[in-house]
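Presented below is the structure to which this report refers.
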Amino acid sequence: MSETEYDLTQARFDYTPKADPAEVRRNYDYDMEKFLTHSSTHRISPDAVALEAFLTSAYHSLEKGLTMEVPKAGFGLRKIRPILAAVRELEREGAAQFATEGARGCMRAYVAYHDTRSLPIPSDVESDLRTFVAEMETRPYPGGATKFTQADIAAATAIDYERFVQTRCSLRHYTGAPVAPDTIETAVRLAIKSPRTCNRETRRVRAVFDPALRDSLLALHSGNRGFGHNLGAVLVVTVDLREFDMVGERNQGWIDGGLFAMSLVYALHAGGVGTCMLNWSEDCEQDKRLRAAFDIPDHEVVITFIGVGQMPETFEVAASPSPPVDEVLSLLQPR
Ligand SMILES: Cc1cc2nc3c(=O)[nH]c(=O)nc-3n(C[C@H](O)[C@H](O)[C@H](O)COP(=O)(O)O)c2cc1C
């Protein structure tokens with residue numbers, strides 16, 4: 001076949017698996033069903049984790065109020081009763097310490113904010129709120145507002161960030177040596193700091209270190225050929241849908257999960273190990289196969305896998321050239 005006879009459109013069609021519109025809809029339905037079943041968009045999920053998310057989101061809006069430039073009395077009033085009730089219920093159930101402690105710290109800061117500025121707390125919640133705060137006595141709780149100075153930020157960012165970023169590359173050449181669980185733990189701890197909607201902790205990571213388990217996981221994945229067998233760990237990043245409660249959040253899991261995955265990769269780079277994101281760009285049938293073989297709850301969606309491994313002394317990476325900035329950055333114009 002000559003170059004002129006070559007059918008590029010057909011070649012593109014053949015290149016990756018194609019789906020007709022009905023198949024695309026069936027796959028969207030699969031995602032939608034999970035969101036409908038597990039989120040609190042149309043009925044309130046009975047899971048403690050959903051109440052924890054509700055609480056975190058509610059007290060977070062007060063936390064934000066605490067950091068505003070212009071002080072205002074009684075902000076977030078409508079959130080206060082639900083916050084107190086949610087803390088009580090979760091504490092009764094012995095659940096969600098992270099959220100209840102953050103909420104307690106925030107409510108204490110809320111009262112202190114008003115008292116130090118001699119601002120009135122709305123009378124319909126004041127008595128209950130003060131009782132709630134008084135019962136904490138001097139116990140320490142995180143939450144509220146934290147002070148930083150410009151100098152703090154300048155000192156903390158005095159690093160060669162460009163070099164750090166430019167040396168993070170997707171590695172496809174590993175020694176096969178193990179990766180210490182500590183390395184993963186540290187990176188996850190740092191990645192947790194990445195932004196997340198309303199401060200809710202929706203992100204989850206499952207780590208596989210055992211080579212046999214790694215191989216059976218990677219057998220379900222296409223895109224690790226030639227290097228997967230030398231990875232010291234594979235991470236499965238997921239997001240818990242039970243923590244979303246608005247239709248506008250129907251795609252939020254992939255955003256929060258994606259941001260988290262990127263932070264995790266940077267943290268692993270800082271920890272001296274090589275990484276390669278491993279896509280979970282799979283259809284619903286493959287997703288079901290993964291869930292049949294591995295313990296991933298139905299209420300979680302898989303964002304991506306991440307391969308982690310030890311780097312050889314010297315290695316090559318794909319050049320992966322980047323486009324110029326003006327292809328990405330422009331000024332938004334009104335229509
Ligand atoms: C979500 C995601 C999934 C990816 N999946 C794969 C994969 O399955 N296999 C692979 O070799 N690279 C994978 N990559 C790596 C990209 O090819 C790579 O990030 C890109 O070429 C830029 O190169 P760099 O990471 O070296 O800067 C993935 C990247 C992302 C963000």
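Whatever order the structure lists them in is the order used to number ligands and atoms, beginning at 1. All of these numbers come straight from a predicted model, not from anything done at the bench. Below, all heavy atoms of this structure are taken into account, side chains as well, without hydrogens, waters or symmetry copies.
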Using the test side chain to side chain contact (heavy atoms under 4.5 Å, CB included), find all partners of Arg139 that sit at least two apart in sequence or belong to another chain.
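In terms of side chain to side chain contact (heavy atoms under 4.5 Å, CB included), with neighbours along the sequence ignored, Arg139 is linked to Glu137, Tyr141.
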
Could you establish whether Val317 and ligand 1 come within less than 4.0 Å of each other, counting only heavy atoms on the residue side?
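Outside the 4.0 Å threshold, so no.
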
Is ligand 1 less than 4.0 angstrom away from at least one heavy atom of Met262?
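The answer is no: ligand 1 sits nowhere under 4.0 Å from a heavy atom of Met262.
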
Identify the protein heavy atom lying closest to [atom], giving its residue, its atom name and the separation to 0.1 Å.
| atom | answer |
| --- | --- |
| atom 7 (C) of ligand 1 | Met277 O, 3.4 Å |
| atom 16 (C) of ligand 1 | Arg172 NH2, 3.8 Å |
| atom 1 (C) of ligand 1 | Thr304 OG1, 4.0 Å |

Distance under 4.0 Å to a non-hydrogen atom of [X]: what atoms of ligand 1 satisfy this?
| X | value |
| --- | --- |
| Cys169 | 26 (O) |
| His221 | 8 (O) |
| Arg168 | 24 (P), 25 (O), 27 (O) |

Checking the N or O distance criterion of under 3.5 Å, is ligand 1 in contact with Gly223?
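Checking ligand 1 against Gly223, an N or O pair does fall under 3.5 Å apart.
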
Parallel under 30°, tilted from 30 to 60°, perpendicular over 60°: which one fits the rings of Tyr110 and His114?
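Plane angle between 30° and 60°, so tilted.
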
Parallel under 30°, tilted from 30 to 60°, perpendicular over 60°: which one fits the rings of His38 and His299?
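Correct class here is perpendicular.
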
For atom 21 (O) of ligand 1, state which one of Cys276, Ala318, Ser320 supplies the nearest heavy atom.
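Among Cys276, Ala318, Ser320, the closest heavy atom to atom 21 (O) of ligand 1 comes from Ser320.
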
Neighbour count >12 (heavy atoms, 6.0 Å) for atom CZ, Arg225:
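Not more than 12 within 6.0 Å, no.
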
If we ignore hydrogens and angles and just use 3.5 Å, is the side chain of Lys18 paired with the main-chain N or O of Thr16 as donor and acceptor?
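Pair found, side chain donor or acceptor close to backbone of Thr16.
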
Structural part of Ser170 in contact with ligand 1, heavy atom criterion under 4.0 angstrom:
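Both backbone and side chain of Ser170 come within 4.0 Å of ligand 1.
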
Side chains of Arg168 and Ser170 in contact at under 4.5 Å (non-hydrogen atoms):
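Counting from C-beta outward, Arg168 and Ser170 do come under 4.5 Å.
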
Please collect all ring-ring contact (aromatic ring centres under 6.0 Å, His included) contacts where either partner lies in residues 226-247, sequence neighbours excluded, each pair once.
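Checked against ring-ring contact (aromatic ring centres under 6.0 Å, His included) - neighbours excluded - no pair reaches residues 226-247.
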
